[in-house]
Number of protein chains: 2
Amino acid sequence: MEKVTIATVAVRAGVSRQTVSNVINTPEVVRPETRERVREAIASLGYRVNQAARQMRTGRSKLLAVRIEPARDGINGSVLDRFLHGLTDAATVAGYRVMLYTASGDDGEIATYEELLTEYDLDGFVLTSTHHGDPRTSWLAERDVPFVTFGRPWGAPDTHSWVDVDNAAGTAAATRHLLATGHTRIGFLGWPAGSGVGDARREGWASTMAEAGLPTEDVVAVDGVDSGASAAERLTNATAVVCASDSLALGAMRALPGRAIVGFDDTAVARAVGLTSVSQPLAEAAGRCMDLLAELLDGRAPTTPTHLLLPPSLVVRRTA
Amino acid sequence: MEKVTIATVAVRAGVSRQTVSNVINTPEVVRPETRERVREAIASLGYRVNQAARQMRTGRSKLLAVRIEPARDGINGSVLDRFLHGLTDAATVAGYRVMLYTASGDDGEIATYEELLTEYDLDGFVLTSTHHGDPRTSWLAERDVPFVTFGRPWGAPDTHSWVDVDNAAGTAAATRHLLATGHTRIGFLGWPAGSGVGDARREGWASTMAEAGLPTEDVVAVDGVDSGASAAERLTNATAVVCASDSLALGAMRALPGRAIVGFDDTAVARAVGLTSVSQPLAEAAGRCMDLLAELLDGRAPTTPTHLLLPPSLVVRRTA
DNA sequence: CGGCATCATTGGATCGTTCAAGTTGCCGGA
DNA sequence: TCCGGCAACTTGAACGATCCAATGATGCCG
């Protein structure tokens, strides 16, 4: 198979290179008749744009980057997996490709940004695992690099677009479900205060209980099954427990057999053991991230950043 | 920050562009003294190769692609996750970047190959989930596209390099462990015959039992916790069960409480519930895939393809 | 000291695309 | 009739690297 360039197409269609380029990039400036002829030539030759050449001229690579993290606590690892899949799908539709990178620590990640930007002319980034005092967003913002975060900027000023899952709404839904099932003594098993996500998950449960005028009882544990189990044992009065993660929920199931338990993240573990859990709409979140990033990349972004809070859904199984 | 090109570096070092290029690509042809001067200029200017320009001239992109699959049965989803992380790491060290793509079906995947090859000049592919009658490998081989598979070519001729985990060795190790613990009636809970991976896992158990001169008893179920549980109930004599996956093992745990159970894949679920399981060396497998691919890409590959079978390890927990 | 091989270095051409600045042809108004 | 204005298309240059052929410098031998 010969190499098919824009020049090949031009000859076949009997026009100049630039006209072919116009048909591809700004079809409206070409007469419909010519446009159609060029399109036929493109199709019959199986022509495809050479991204490297385009990139050299325009400085845009049609590439996005996402960090792939080591499966940390493992049990929640598949969350990123599903997000990545959704993002790759959405990016393809929008004409972009997703590149992976790893990095240890925020500084290492910033060094990687620099490398990817100068070597590959990356068009944009999707950041995950935002946290308090995150230096990555300001670094990117200072250099006018388009980016979107999955996870809101905890503590930092809200100057960029982000997509997040409404964690509080998730635990609120779980709590309402338990209330509707007749429970009144609903406890909470959460993470130590300070993490944005964990605090929001507690808040959803607490406010729903307050609205119902019921007393609350909660305990705290670092994430993990064993630690969750020993903390759950201290929830003596509760007949039902809302948990900040599936790992904790698994611990609670072991420590308090027979009680109603709800987890968070709807991981594979939850499906496997029949744990009722709050499910994040990861494919949708990924799609929205791509939408927002595409707006930024096309320069048609609104002047004020967009913030999207997606509602999670409760997947009811055997444990509640 | 100004744009730093090879010309900027050349001026700073007082040499020509080509000499700078030689320092980068074939340092041995440059006199040590000059080489050092150029290297200093590169460092002080923070110069980095523009991959697009290089690619246009050389036709090589320094990009690899891997398919990211939808989390199928979910419980085993994080296997790909960990593999991807390892591959991204190894690729970075070797000077490559990993690009993701999704595709539905083998034909869709082949169409994507074509697109990635012509648009982005991809250098190579890493294939996962090889299966009987896989058309992807022959498509790539016909076009001389470098690729490596993670998973051996079941049934197909062994004409390309691959890396795989020795599934039989995994179940053999599990069986030996159970024998050493005093069990003699060890059953097997597997998938229906026909899948290469599943058959290998059965074989490891069967041959170890045969060596020990013990009778065997096994049942079959499609992958899944519930299906595993109902199949496991038919294993009436066994005091211990080796399973083809963690999902099946979870079913067995439910159906046969108190018996010794070993799963396969060491997924998050296994860690969470304390299930003894066979762990695949995914980071190493990814690294080896990258090594083999790098050989192909550098043209220093041996004439006969390399095949690597990596031994898995048994992670002993509460269930055995 | 000339001749010649060897090595280090140079300058121009090139990859495929898009940008910027043309050229052509047609229409309408003065 | 002439000319401005516009739409449709063409042409030459440029992006930043590497390849190739040619040049300059160096050392060795007779």
Side-chain angles (χ1 to χ4, degrees), chain A residues 1-39 41-42 45-63 95 115 117-123 298-299, chain B residues 1-39 41-42 45-63 95 115 117-123:
Chain A
M1 195 167 7
E2 312 286 308
K3 210 182 317 175
V4 179
T5 76
I6 216 169
T8 325
V9 177
V11 171
R12 166 73 71 101
V15 296
S16 70
R17 294 181 324 247
Q18 183 59 36
T19 301
V20 177
S21 174
N22 284 336
V23 169
I24 297 167
N25 300 299
T26 48
E28 67 278 7
V29 308
V30 180
R31 189 155 25 113
E33 184 189 313
T34 316
R35 196 192 302 156
E36 210 37 54
R37 197 152 35 93
V38 172
R39 289 213 166 117
I42 289 178
L45 291 166
Y47 168 76
R48 283 203 173 90
V49 180
N50 179 324
Q51 293 290 352
R54 164 181 285 179
Q55 171 182 344
M56 180 144 58
R57 193 74 251 259
T58 63
R60 305 190 59 188
S61 60
K62 293 281 178 180
L63 289 176
E115 198 173 315
L117 287 169
T118 51
E119 282 194 14
Y120 287 92
D121 269 313
L122 249 83
D123 287 350
D298 297 352
Chain B
M1 196 169 3
E2 311 285 309
K3 211 180 321 174
V4 178
T5 76
I6 212 168
T8 325
V9 177
V11 172
R12 166 73 72 102
V15 296
S16 71
R17 298 183 321 255
Q18 181 60 33
T19 301
V20 178
S21 174
N22 284 337
V23 169
I24 298 167
N25 300 299
T26 47
E28 67 278 7
V29 306
V30 180
R31 193 163 13 121
E33 183 190 314
T34 316
R35 194 192 305 157
E36 210 38 55
R37 196 150 36 92
V38 172
R39 288 215 166 113
I42 289 178
L45 291 167
Y47 167 77
R48 283 203 172 89
V49 181
N50 179 324
Q51 294 290 348
R54 166 181 283 178
Q55 172 181 346
M56 182 147 53
R57 194 74 251 262
T58 63
R60 306 190 59 187
S61 61
K62 294 280 177 182
L63 288 176
E115 198 173 314
L117 287 169
T118 52
E119 283 194 14
Y120 287 91
D121 268 314
L122 250 83
D123 286 350

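Values in this document were obtained by computation on a predicted structure and should not be read as measured data. Chain letters run A, B, ... following the sequence lines, proteins first and then strands; every chain starts at 1.
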With a 4.0 Å cutoff (strictly under), does any side-chain N or O of B:Thr34 reach OP1 or OP2 of C:dA8?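 For B:Thr34, the contact criterion (side-chain N or O under 4.0 Å from OP1 or OP2 of C:dA8) is not met.
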Distance below 4.0 Å between B:Ser21 side-chain N/O and D:dA17 OP1 or OP2: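 So the side chain of B:Ser21 is outside the cut-off, no N or O lying under 4.0 Å from OP1 or OP2 of D:dA17.
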Suppose we call a contact any N or O donor and acceptor under 3.5 Å apart; does that hold for the side chain of A:Arg57 and the base of D:dG16?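 Answer no: no donor N or O sits under 3.5 Å from an acceptor.
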Pair of N/O donor and acceptor under 3.5 Å linking C:dC15 base with B:Gln55 side chain: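 For B:Gln55, whose side chain was compared with the base of C:dC15, there is no donor-acceptor pair (under 3.5 Å).
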Separation of [N] [atom2] from [X] [atom1] (nearest whole Å):
X	N	atom1	atom2	result
A:Asp121	D:dC15	CG	C1'	10 Å
B:Tyr120	C:dG16	OH	P	18 Å
B:Ile42	D:dA17	CD1	C1'	13 Å
A:Ile24	C:dT17	CD1	P	7 Å
A:Arg48	C:dG16	CZ	P	17 Å
A:Glu36	D:dA8	CD	C1'	17 Å
A:Gln51	C:dG16	CD	C1'	12 Å
A:Arg31	D:dC6	CZ	P	19 Å

So what does A:Thr19 touch, heavy atoms closer than 4.0 Å: a base, only the sugar-phosphate, or nothing?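 Answer is base: heavy atoms of A:Thr19 come under 4.0 Å of a base.
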Remember a base hit wins even if backbone is also touched, and classify B:Ser16 as base, sugar-phosphate or nothing at under 4.0 Å, heavy atoms.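 Base contact - B:Ser16 has a heavy atom under 4.0 Å of at least one base atom.
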When you measure from the side chain of B:Asn22, which nucleotide among C:dT9, C:dT17, D:dC15 comes out closest?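 Looking only at heavy atoms from C-beta outward on B:Asn22, the closest nucleotide is C:dT9.
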Please pick, from D:dT18, D:dT11, C:dG16, the nucleotide with the shortest atom-to-atom distance to any side-chain atom of A:Gln18.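 Among D:dT18, D:dT11, C:dG16, the one nearest the side chain of A:Gln18 is D:dT11.
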Pairwise distance OG1(B:Thr58) to CG(B:Asp123) - rounded to 0.5 angstrom: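 That separation rounds to 8.0 Å.
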State the CG-CD distance between B:Asn22 and B:Glu28, to the nearest 0.5 angstrom.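 Interatomic distance, B:Asn22 CG to B:Glu28 CD, rounded to 0.5 Å: 9.0 Å.
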For A:Pro27 and A:Arg39, work out which heavy atoms get closest and say how close.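 Where A:Pro27 meets A:Arg39 most closely, the heavy atoms are CB-NH2, 3.7 Å.
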Please confirm whether the backbone N or O of B:Ala41 pairs with a side-chain atom of B:Arg12, one donor and one acceptor, at under 3.5 Å?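 Absent.
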A:Arg17 or A:Val30, whichever maps to the more 5' nucleotide of DNA chain D: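 It is A:Val30, whose closest nucleotide lies nearer the 5' terminus.
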State which residue, out of A:Thr19, A:Ile24, A:Asn25, fulfils the side chain to side chain contact (heavy atoms under 4.5 Å, CB included) condition with A:Ser21.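 For A:Ser21, the side chain to side chain contact (heavy atoms under 4.5 Å, CB included) check succeeds only for A:Asn25.
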